[in-house]
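Working notes, structure below.
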Protein chains: 2
Amino acid sequence: MPPRHQGNANTESVDNYLKAILALSGPEERRASSSSLADRLGVAQASVTNMLQKLATSPLSFVEYERHRGVLLSAAGKRRALEVLRHHRLIETFLYEVLDYPLEEVHEEAERLEHFISERFEERVAAKLGNPKFDPHGHCIPAMDGKMAKQASVPLTELQEQGTFTVDSISDQDAPLLKRLKAQGIIPGARVHVTKGGADDLVLRTSAASKKLHLSRNLAAAVRVRSAH
Amino acid sequence: MPPRHQGNANTESVDNYLKAILALSGPEERRASSSSLADRLGVAQASVTNMLQKLATSPLSFVEYERHRGVLLSAAGKRRALEVLRHHRLIETFLYEVLDYPLEEVHEEAERLEHFISERFEERVAAKLGNPKFDPHGHCIPAMDGKMAKQASVPLTELQEQGTFTVDSISDQDAPLLKRLKAQGIIPGARVHVTKGGADDLVLRTSAASKKLHLSRNLAAAVRVRSAH
DNA sequence: GCCAATATTTAGGCTTGCCTAATTATTAGG
DNA sequence: CCTAATAATTAGGCAAGCCTAAATATTGGC
């Protein structure tokens with residue numbers, strides 16, 4: 001059979017570009033620069049330009065791209081990116097809840113599998129888990145129609161006042177770091193009392209251990225909190 | 001980072017060639033011909049020759065290949081093929097047992113995912129399932145060390161005598177066909193009484209429905225039985 | 001408003017794995 | 001045992017995605 005050659009299909013690589021654009025655009029949907037994409041994806045800048053040109057040209061038109069001006073997801077692109085994100089977070093939840101993975105290992109596995117599961121798999125996993133709204137890092141799982149709740153949390157590093165907060169989510173980007181947070185009881189849902197809000201040395205207390213904790217900027221940046229109820 | 005370029009790594013494609021060679025070699029470990037591989041993999045013969053040459057040349061040496069004489073798995077190749085087969089069958093079992101997939105859908109999903117799961121995933125799934133020995137089609141799941149029980153069953157089409165048998169396994173290759181077998185109660189473990197052994201029209205009775213069943217050659221070839229206890 | 005620093009794009013190449021068409025081996029029949 | 005049919009290989013190409021190096025835009029500082 002001749003290759004489908006449908007412009008530019010849903011390959012793993014395309015999915016990864018779309019996901020990266022989604023992440024870099026943020027809630028305000030800023031244009032993402034080629035270099036930021038190259039950074040995030042770990043490829044050369046030229047590769048990014050190349051792919052963006054292909055994506056922009058493709059009849060599927062996942063992106064709106066202008067030379068030297070960065071890129072933005074189209075409606076179709078956003079839909080696809082959110083679908084992959086949904087896959088990712090459902091898989092993470094599944095690995096954690098059903099297969100008892102250690103929290104810090106779910107991301108890497110999900111990153112690989114998200115590209116290859118079928119609609120049926122997605123549906124069955126969601127059903128098994130009771131259509132969860134959040135993954136084990138506390139991140140919101142996009143609904144099937146792509147709708148996703150807005151984030152009302154703030155990184156620990158940007159906290160304005162001291163006080164008591166609930167851990168909303170922790171970053172999945174760095175496994176060893178995540179493991180350290182976990183070891184100190186900083187997981188989604190945990191209560192933290194922040195007693196010193198310096199940018200470089202955050203002091204807090206968790207409800208688990210009553211000892212004071214010092215968080216480096218690194219660690220603190222990986223934690224988002226919201227007001228405690 | 002420079003590409004690993006380690007001769008010929010464990011790509012999806014390589015895995016599929018190794019699996020196909022394993023299947024075509026059979027228990028007697030016959031040499032597999034290029035054309036049979038091309039057939040099974042749905043690629044051109046030239047593609048097979050090409051890949052076999054690469055595999056044979058690679059330092060990993062997964063195969064023993066001789067021009068015009070077909071190919072055989074090396075110890076390393078067999079090890080790898082059995083690992084992928086283990087992945088495949090564990091995933092099938094998992095989809096069936098844990099995610100409640102319809103039997104006829106597990107194969108296709110497993111065929112895709114088998115290449116991408118980690119060792120951890122394999123280990124966790126096996127644990128969750130209690131280290132199963134058989135997949136839902138009745139096929140033996142290779143152990144971690146590659147050991148696999150010998151098959152003591154025979155296809156319905158090669159039955160010498162009439163009598164009562166236990167369904168050992170049913171083929172996973174053709175989903176619609178599998179669905180028809182399932183609908184007639186012919187699934188692993190079912191008891192069948194074969195009353196007429198003609199090659200083209202097999203007549204039998206299952207313990208479920210007491211009506212007589214006629215199986216076409218197609219269907220019968222997809223069923224393996226063993227003596228009933 | 002110009003120029004250097006930085007960001008981006010173009011040009012040209014590479015590997016993987018596939019393809020078709022043409023060629024060469026092997027094998028089976030008379 | 002030779003030839004025709006069949007099987008396998010070689011030759012030459014293509015698309016996807018990546019790369020480096022060279023060229024070109026954009027931008028911030030003076």
Side-chain angles (χ1 to χ4, degrees), chain A residues 1-21 24 30-60 62-72 80 84 111-112 115-116, chain B residues 1-21 24 30-60 62-72 80 84 111-112 115-116:
Chain A
M1 67 197 105
R4 311 154 200 78
H5 196 276
Q6 202 221 18
N8 205 321
N10 287 353
T11 67
E12 186 180 352
S13 193
V14 168
D15 281 353
N16 283 332
Y17 275 89
L18 297 179
K19 265 203 324 175
I21 298 169
L24 291 171
R30 298 178 295 275
R31 302 187 79 88
S33 69
S34 296
S35 48
S36 63
L37 280 166
D39 255 30
R40 179 168 248 265
L41 293 167
V43 299
Q45 275 198 6
S47 306
V48 172
T49 300
N50 210 278
M51 178 61 98
L52 293 184
Q53 286 171 345
K54 273 200 256 181
L55 285 177
T57 303
S58 150
L60 295 169
F62 281 141
V63 303
E64 191 267 275
Y65 166 65
E66 221 175 316
R67 289 178 39 140
H68 293 284
R69 234 164 262 287
V71 71
L72 210 52
R80 177 62 190 159
V84 180
E111 196 71 9
R112 232 177 313 111
H115 308 290
F116 306 107
Chain B
M1 69 196 103
R4 312 156 200 72
H5 196 275
Q6 204 223 16
N8 206 320
N10 288 353
T11 69
E12 185 180 351
S13 194
V14 168
D15 281 353
N16 283 332
Y17 276 88
L18 297 180
K19 265 203 325 175
I21 298 168
L24 291 171
R30 299 177 295 275
R31 302 186 78 88
S33 68
S34 296
S35 48
S36 62
L37 280 166
D39 254 29
R40 179 168 249 265
L41 293 167
V43 300
Q45 272 198 8
S47 306
V48 173
T49 301
N50 210 278
M51 178 61 97
L52 293 184
Q53 287 172 344
K54 273 200 255 181
L55 284 176
T57 303
S58 151
L60 294 169
F62 280 140
V63 303
E64 192 267 275
Y65 166 65
E66 219 175 318
R67 290 178 38 135
H68 292 283
R69 233 164 262 287
V71 71
L72 211 52
R80 177 62 190 159
V84 178
E111 196 70 9
R112 232 176 314 109
H115 308 290
F116 305 107

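Values below: every heavy atom of this structure, side chains too, minus hydrogens, waters and symmetry copies. Everything numeric here is computed off the predicted structure, so don't read it as measured data. Within every chain, numbering begins at 1; the chains are lettered A, B, ... in the order of the sequence lines, protein sequences first and strands thereafter.
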Distance (rounded to the nearest 0.5 Å) between [X] [atom1] and [Y] [atom2]:
X	Y	atom1	atom2	result
B:Arg31	B:Ser33	CZ	OG	11.0 Å
A:Ile21	A:Arg40	CD1	CZ	11.0 Å
A:Thr49	A:Tyr65	OG1	OH	5.0 Å

Please state whether the phosphate of [N], meaning OP1 or OP2, lies under 4.0 angstrom from any side-chain nitrogen or oxygen of [X].
X	N	answer
B:Gln53	D:dT10	yes
A:Tyr17	D:dA16	no
B:Ser47	C:dC18	no
A:Tyr65	C:dT9	yes
B:Arg67	D:dT10	yes
B:Ser35	D:dA8	yes
B:Thr11	C:dT16	no

As a test of reading the structure: which of [options] is closest to the side chain of [X], going by heavy atoms?
X	options	value
A:Ser13	C:dT20, D:dG17, D:dA21	D:dG17
B:Val43	C:dG17, D:dA8, C:dC19	C:dC19
B:Met51	C:dG17, C:dA25, C:dT10	C:dG17

For the student: nearest non-hydrogen atoms of B:Leu52 and B:Val63, plus distance: O-CG2, 4.3 Å
Touch class at under 4.0 angstrom, heavy-atom based, for B:Thr49 against every strand present: base
[X] has an atom [atom1]; how far is it from atom [atom2] of [N], in whole Å?
X	N	atom1	atom2	result
A:Arg69	C:dT6	CZ	C1'	16 Å
A:Leu52	C:dT10	CG	C1'	15 Å
B:Leu60	C:dT16	CG	P	12 Å
A:Gln45	D:dT26	CD	P	15 Å

Residue among A:Thr11, A:Val71, A:Val43 satisfying side chain to side chain contact (heavy atoms under 4.5 Å, CB included) with A:Tyr17: A:Val43
